There are 2 protein chains.
Amino acid sequence: MDAIGFETHDHLTCIKDGLEAVAAHCVRHRLQFTPVRRRVLEIMLQEHRAMGAYEILDKLREEGLGSQPPVAYRALDFLVSHGFAHKIERLNAFIACAHPGQNHTPAFLICRKCDAVAEAHAEPSCGMLGRAADETGFKIEQAVVEALGLCPRCAA
Amino acid sequence: MDAIGFETHDHLTCIKDGLEAVAAHCVRHRLQFTPVRRRVLEIMLQEHRAMGAYEILDKLREEGLGSQPPVAYRALDFLVSHGFAHKIERLNAFIACAHPGQNHTPAFLICRKCDAVAEAHAEPSCGMLGRAADETGFKIEQAVVEALGLCPRCAA
DNA sequence: TGATATATGTAACTTTATAACATATCAACC
DNA sequence: GGTTGATATGTTATAAAGTTACATATATCA
């Protein structure tokens, strides 16, 4: 319910905390937080915006961490499948999760003017969608919720 | 709130009614419902499922109605921008609208097993998303709501 | 009928994503 | 501590999705 992304904040802390939270989660769950995976997450945390896979790949390439698409896509698959990052379907882009580790259904507010993305929380089983699913007998496992519009800054 | 798509129905009628509703809407609004646009909508109504742009293009090509990607994408842009069809972001695919002409915010229930898609109705300004938007001052103009899971048939 | 806007035809290209297979590294058991 | 099976990376090639640009045609309306 809290949206993260349109406010100023202590960015160094947010990068550090994000990385540490994921690192800790990986230790607890015996997941391999390898250099490429770590760096991809760090890049997304640093940029703090939705980035295309090839844009991330360019950064990896500069650093000698991998130069071919599968390197980026595999790291992103890992991060997304464990909830450390999300794919913004509407933008074909990826963004670091604002609540890593916590089991949640993200919803995004995407500014069409400046491309800023804020992550909010949506409960798919609630509301009209949940009701429609119940009525038809559909079992929701996952949900993509993306709102497009104008962020506070661009609306002003 | 009503989901359309997981039930059996009179399909010939649904194709005919869909085309007629769109044709009438185009007349009222002075839109050009050209042969390619009409045929693309008809293909989607006939198949009654989400189809990729290139899959639609293949059919057009067989019929001599156009052979290059822009032909399909332009027709789809027209149909989507006027609400006669929708893009399913998660599938990079398109589907005929179940309520053509009516101003609405569609929500989709997508079966991950059989790829069937049902169109329901979602009000983006309601619920948690609307609340998050209000709190941050974000102005929602459009929303993508797509639930993934199992349709009644595949769940059984 | 002429001017303007809208739609189509076509070639070339960009962006996004995956398949397939070889090599390396990890992890955990004996 | 080496062996083995699973997991991760490197690399080539290719598939799938979408756009640009520009020429031509058709519709709309004064």
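Heavy-atom basis, side chains included; hydrogens, waters and symmetry copies ignored. Computed from a predicted structure; not experimentally measured. By convention in this document, chain letters (A, B, ...) are assigned in the order of the sequence lines, proteins followed by strands, and residues within each chain are numbered from 1.
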* Is the base of dA17(C) touched by the side chain of Tyr54(A) through a donor-acceptor pair closer than 3.5 angstrom? -> yes
* Asked: Can you check whether His86(A) reaches Phe108(A) side chain to side chain, under 4.5 Å on heavy atoms?
  -> yes
* To do: Nearest whole angstrom, please: distance from the P of dT15(C) to the OH of Tyr73(B).
  => 15 Å
* Specify the separation, in whole Å, of atom NE2 of His29(A) and atom P of dT7(D). => 17 Å
* To do: Tell me whether the OP1 or OP2 atom of dG18(D) has a side-chain N or O from Asn92(B) closer than 4.0 Å.
  => yes
* Structure fact -> Rounded to whole Å, CD of Glu55(B) lies from P of dA17(D) at a distance of 9 Å
* Structure fact -> Taken to the nearest whole Å, CD/Glu89(B) to C1'/dA17(C) is 16 Å
* Structure fact -> Separation of dT14(C) atom P from Gln68(B) atom CD, nearest Å, is 17 Å
* Asked: In terms of side-chain heavy atoms of Val36(B), which of dT8(C), dT9(D), dA17(C) is nearest?
  -> dT8(C)
* Is it the case that His104(A) and Glu119(A) place a side-chain donor and acceptor less than 3.5 Å from each other? -> yes
* To do: Check whether any side-chain heavy atom of Leu91(B) lies under 4.5 Å from a side-chain heavy atom of Val117(B), and answer yes or no.
  => yes
* Would you name the heavy atoms of Phe94(A) and Val80(A) that are closest together and state the gap between them? => CD2-CG2, 4.0 Å
* Determine yes or no for a side-chain-to-main-chain donor-acceptor pair under 3.5 angstrom, with Glu42(A) supplying the side chain and Ile15(A) the backbone. => no
* **Closest to the Gln32(B) side chain, choosing from dT19(D), dA7(C), dA8(D)** => dA7(C)
* Asked: Hey, does Arg30(A) reach any base, or is it just sugar-phosphate, or nothing, if we go heavy atoms under 4.0 Å?
  -> nothing
* Using heavy atoms to find the nearest nucleotide of DNA chain D for Pro69(A) and Ala75(A) separately, return the residue whose nucleotide is more 5′. => Ala75(A)
* Nearest-angstrom distance from the residue atom CZ of Phe33(B) to P of dA7(C) -> 13 Å
* Asked: Would you say dT9(D) has OP1 or OP2 under 4.0 Å from some side-chain N or O of Thr34(A)?
  -> yes
* Taking only side-chain nitrogens and oxygens of Arg74(B), does any of them come within less than 4.0 Å of OP1 or OP2 of dT8(C)? -> no
* Asked: Rounded to whole angstroms, how far apart are CG on Leu60(B) and P on dA7(C)?
  -> 17 Å
* Do the side-chain N or O atoms of Lys87(A) get closer than 4.0 angstrom to the phosphate oxygens (OP1, OP2) of dT16(C)? -> no
* Could you check which of dG18(D), dT11(D), dT10(C) has an atom nearest any side-chain atom of Pro70(A)? => dT11(D)
* Could you tell me the separation between the CG atom of Leu65(B) and the P atom of dG9(C), rounded to a whole number of Å? => 8 Å
